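Working notes, structure below.
All of these numbers come straight from a predicted model, not from anything done at the bench. Residues take their numbers from the sequence shown, with the count starting at 1. Side-chain atoms are counted along with the backbone in the values below, which use heavy atoms only and exclude waters and symmetry mates.
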Amino acid sequence: FPEYDAAEAERRAAVGEPHAVFFEVPPGDITFDDAVHGPTTVPADSLDDFVILRSDGTPVYNMAVVSDDVDMGITHVIRGDDHLSNTPKQILIYRALGADLPVFAHVPMILGPDGKRLSKRHGAASVEAYRDEGILPAALVNFLALLGWSPGDDREVMELSELIEAFTLDRILKKAGVFDPKKLEWLNGKYLDATPTEQLVPLVIDAMDDAGRAVAAADPERFAAVVDLQKTRARTIPGIAEASLRYFGNAVEYDERSVQKHWLKDPQVAREILEAERAVILSADPFDSESLEAGLRGVAEQREVGFGKVIGPLRVGLLGVQDSPGIFDVVLLLGRERAVERIDAALTELARLADSGYGSTMAGWSGPWTWPAKRPNPTRARWARSSWRPTGRRSGSETERASWPIPPPMRRSWPSGARRPTRETGASKGTPCSSLWSRAPCAREPLSFRASNESCSGHRTPRPGCVARSVTWCRTRD
């Protein structure tokens, strides 16, 4: 402070004027040995005199933490490296108080998956939130310990006692750690698998609603067996709860993607596989994993396909999803009678879907376009106007979706005599718009848009009857 007058300041303070207390930075370098970053030197002339007491008499942060640490005899100060700039000022205060310096260790910051500093926008903001999401305490401790620190080997799953024994400051990394929720779930799955079933069952029941708790209470032994089977593949406790309920009740809720992949690619083949597997389960004697494995593998050998090709449709039929524990364990846990009943229900559902043409339309399906293998592709035909409602979203009731006719196929060639649409705006104004044709034209007004020059952006706001999903501001040139 070039204009600072110590005598004038003392006089004004003596008569009771409100004033702050500054720390005068002495000349020379400030050097300390950081346990993570190593020897660090800060020139004193890079620091200004700084406030230690405000005009109301309260201490600022640097004065408060040093006074508190000296009073409690703190020997190690381990904190984020965003506090590295505060350390030189605190060292000066330590020296002014005649106190011994603690060991400073500034650990790297934690970043979100996007590479930005971790904050509430990246997900759960508290330990309680992760508990509610089904993360075990031991898994969260293990995960946090490995953020910015390494044990020096390939270990990733470490109990608390192992972490305590292996931890040293010199193994802290200088590079910022990334908080990866997927890795946390993976690690949590390892802990779930290692946790005794009798300890997991109460946690799973707590994650259920009243209806789920009633199911668990009705047959506690079988419910415990299901939890024991599911914990080997689960990532969270709510995941175990949701998957476990699929083993109870008569109705099966079929996952659309699983049905599309394992049933509707070829409904006839899926039906034949399910019928053959039904016969194997019904005739297995004794009803054990060895007999089931021999019979089901025999189905694959007879059809000359891999074992996975015949297990996929069965998984969907028994549980409604394509991912499950070992299929033999699933069948045994369901029991012969219930397994056969579910296969019968699956055959009925498969027949309904195949008859409705569900697998060959976009109706109600958010996945990619799929078409019958031998669907005719008229090269020069114009499309008839229809009431088909194309959409990539799940709109309309199941009955309505089943009644929608099949949309026109995508085509790469341009019909003879048809005029290509042109872009209406932008740098490419007036140039042919090939993206319109690569998707499909407007079925409501074949080969053209409306005369009012309405735009078509089918992916976000599709107009009735328009199947163009990536076209914006296109029209047919007159």
From Asn142 atom CG to Glu156 atom CD, the distance as rounded to the nearest 0.5 Å
8.5 Å

Can any side-chain N or O of Ser291 pair as donor or acceptor with the backbone N or O of Phe287 at less than 3.5 Å?
no

Any side-chain heavy-atom pair from Leu264 and Leu353 closer than 4.5 angstrom?
yes

Show, in sequence, the C-alpha distance, side-chain angles and deciding distance for Leu314 and Ile327, and conclude whether the side chain to side chain contact (heavy atoms under 4.5 Å, CB included) test is met.
CA-CA 8 Å; Leu314 183 59; Ile327 191 64; 3.8 Å; yes

Side chain to side chain contact (heavy atoms under 4.5 Å, CB included) for Val252 and Leu319? Distances and angles first, verdict last.
CA-CA 6 Å; Val252 177; Leu319 298 178; 5.8 Å; no

Both conditions, 6.0 Å and 45 degrees, for the charged tip of Arg222 above the ring of Phe248: are they met here?
yes

For Gln260 and Glu256, does a side-chain donor sit closer than 3.5 Å to a side-chain acceptor?
no

Salt bridge (charged side-chain N to carboxylate O under 4.0 Å, His left out) involving Arg315 - partner list, sequence neighbours excluded:
none

Least distance between heavy atoms, Pro267 atom then Leu350 atom:
O-CD2, 3.7 Å

Evaluation steps, salt bridge (Lys or Arg N to Asp or Glu O under 4.0 Å), between Arg297 and Glu301:
CA-CA 6 Å; Arg297 290 192 181 278; Glu301 293 174 0; over 6 Å; no

Please round to the nearest 0.5 Å and tell me the distance separating atom CG of Leu347 and atom CZ of Arg278.
8.0 Å

Crowded around Glu304 CD? As in, over 12 foreign heavy atoms under 6.0 Å?
no

Side chain proximity check, Phe328 to Glu290, heavy atoms < 4.5 angstrom
no

Is it the case that over 12 heavy atoms from other parts of the model lie below 6.0 angstrom from the CD atom of Glu242?
no

Between Phe50 and Leu92, is any pair of side-chain heavy atoms under 4.5 Å apart?
yes

Pairwise side-chain contact, Val157 with Leu187, heavy-atom cut-off 4.5 Å (strictly under)
yes

Hey, could you give me the CE/CG distance between Met109 and Asp82, rounded to the nearest 0.5 Å?
4.0 Å

Main chain of Lys182, side chain of Glu185: is a donor-acceptor contact present, judged purely on distance under 3.5 Å?
no

Regarding Arg155 and Ser150, is there a side-chain donor-to-acceptor distance under 3.5 Å anywhere?
no

N/O donor-acceptor pair under 3.5 Å between Arg131 side chain and Pro137 backbone:
no

Taking every heavy atom of Ile205 against every heavy atom of Phe223, the minimum-distance pair comes out as CG1-CE2, 3.8 Å

Is there a donor-acceptor pair under 3.5 Å between the side chain of Ser244 and the backbone N or O of Ala241?
no

Might you point out which heavy atoms bring Pro59 and Leu53 nearest each other, and give the distance in Å?
CA-CD2, 3.6 Å

Determine whether Lys309 and Val269 make a side-chain contact, defined as any pair of heavy atoms from C-beta on separated by less than 4.5 Å.
no

How many angstroms lie between atom NZ of Lys190 and atom CG of Leu136, to the nearest 0.5 angstrom?
14.5 Å

Main chain of Ile240, side chain of Arg233: is a donor-acceptor contact present, judged purely on distance under 3.5 Å?
no

Thr348 side chain to Asp344 main-chain N or O, any donor-acceptor pair under 3.5 Å?
yes

Determine whether a donor-acceptor pair (N or O, by modelled atom type, separation under 3.5 Å) exists between the side chain of Arg117 and the backbone of Ile110.
no

Count the heavy atoms of every other residue, nucleotide or ligand shown that sit under 6.0 Å from CZ of Arg303, and state whether that count exceeds 12.
yes

Between Tyr247 and Gln230, does a side chain to side chain contact (heavy atoms under 4.5 Å, CB included) hold up when you go through it step by step?
CA-CA 11 Å; Tyr247 292 80; Gln230 284 296 140; 2.7 Å; yes

Report yes or no: do Asp100 and Tyr94 form a side-chain donor-acceptor pair below 3.5 Å?
no

Give a yes or no answer on whether the side chain of His37 reaches the backbone of His106 with a donor-acceptor pair at less than 3.5 Å.
yes

Would one find more than 12 heavy atoms of other residues, nucleotides or ligands at under 6.0 Å from atom CG of Asp153?
yes

To the nearest 0.5 angstrom, please state how far the CD atom of Glu165 sits from the CG atom of Leu163.
10.5 Å

Any side-chain heavy atom of Leu245 sitting closer than 4.5 Å to one from Val226?
no

When you look at CG of Asp114, are more than 12 heavy atoms from neighbouring residues, nucleotides or ligands closer to it than 6.0 Å?
yes

State, yes or no, whether a side-chain contact exists between Leu203 and Gln199 at a heavy-atom distance under 4.5 Å.
no

Return the CD1 to CG distance between Ile172 and Asp81, rounded to the nearest 0.5 Å.
10.5 Å

Do Lys116 and Leu111 have side chains that approach each other closer than 4.5 Å (heavy atoms only, starting at C-beta)?
no

Taking Asn188 for the side chain and Gly134 for the main chain, is one N or O donor matched with an acceptor at less than 3.5 Å?
yes

I need the minimum non-hydrogen distance between Thr168 and Trp149, along with the two atoms involved.
O-NE1, 3.4 Å

For a quick check under 3.5 Å, do Asp29 and Thr31 share a side-chain donor-acceptor pair by atom type?
no

Parallel, tilted or perpendicular: which describes the rings of Phe104 and Phe32, with under 30° parallel and over 60° perpendicular?
perpendicular

Aromatic ring proximity Tyr61/His83, centre distance under 6.0 Å
yes

Closest non-hydrogen contact found for Glu349 with Arg352 is OE2-NH2, 3.0 Å

Between the side chain of Arg336 and the main-chain N/O of Ala284, is any donor-acceptor distance below 3.5 Å?
yes

Could you give me the CA-CA distance, side-chain angles and deciding distance for Val127 and Leu140, then say whether side chain to side chain contact (heavy atoms under 4.5 Å, CB included) is met?
CA-CA 9 Å; Val127 174; Leu140 185 59; 4.2 Å; yes

Looking only at heavy atoms, which two atoms of Met63 and Ile52 are closest? And how far apart?
CB-O, 3.6 Å

Any idea how Phe143 and Phe179 line up, ring-wise: parallel (<30°), tilted (30 to 60°), or perpendicular (>60°)?
perpendicular

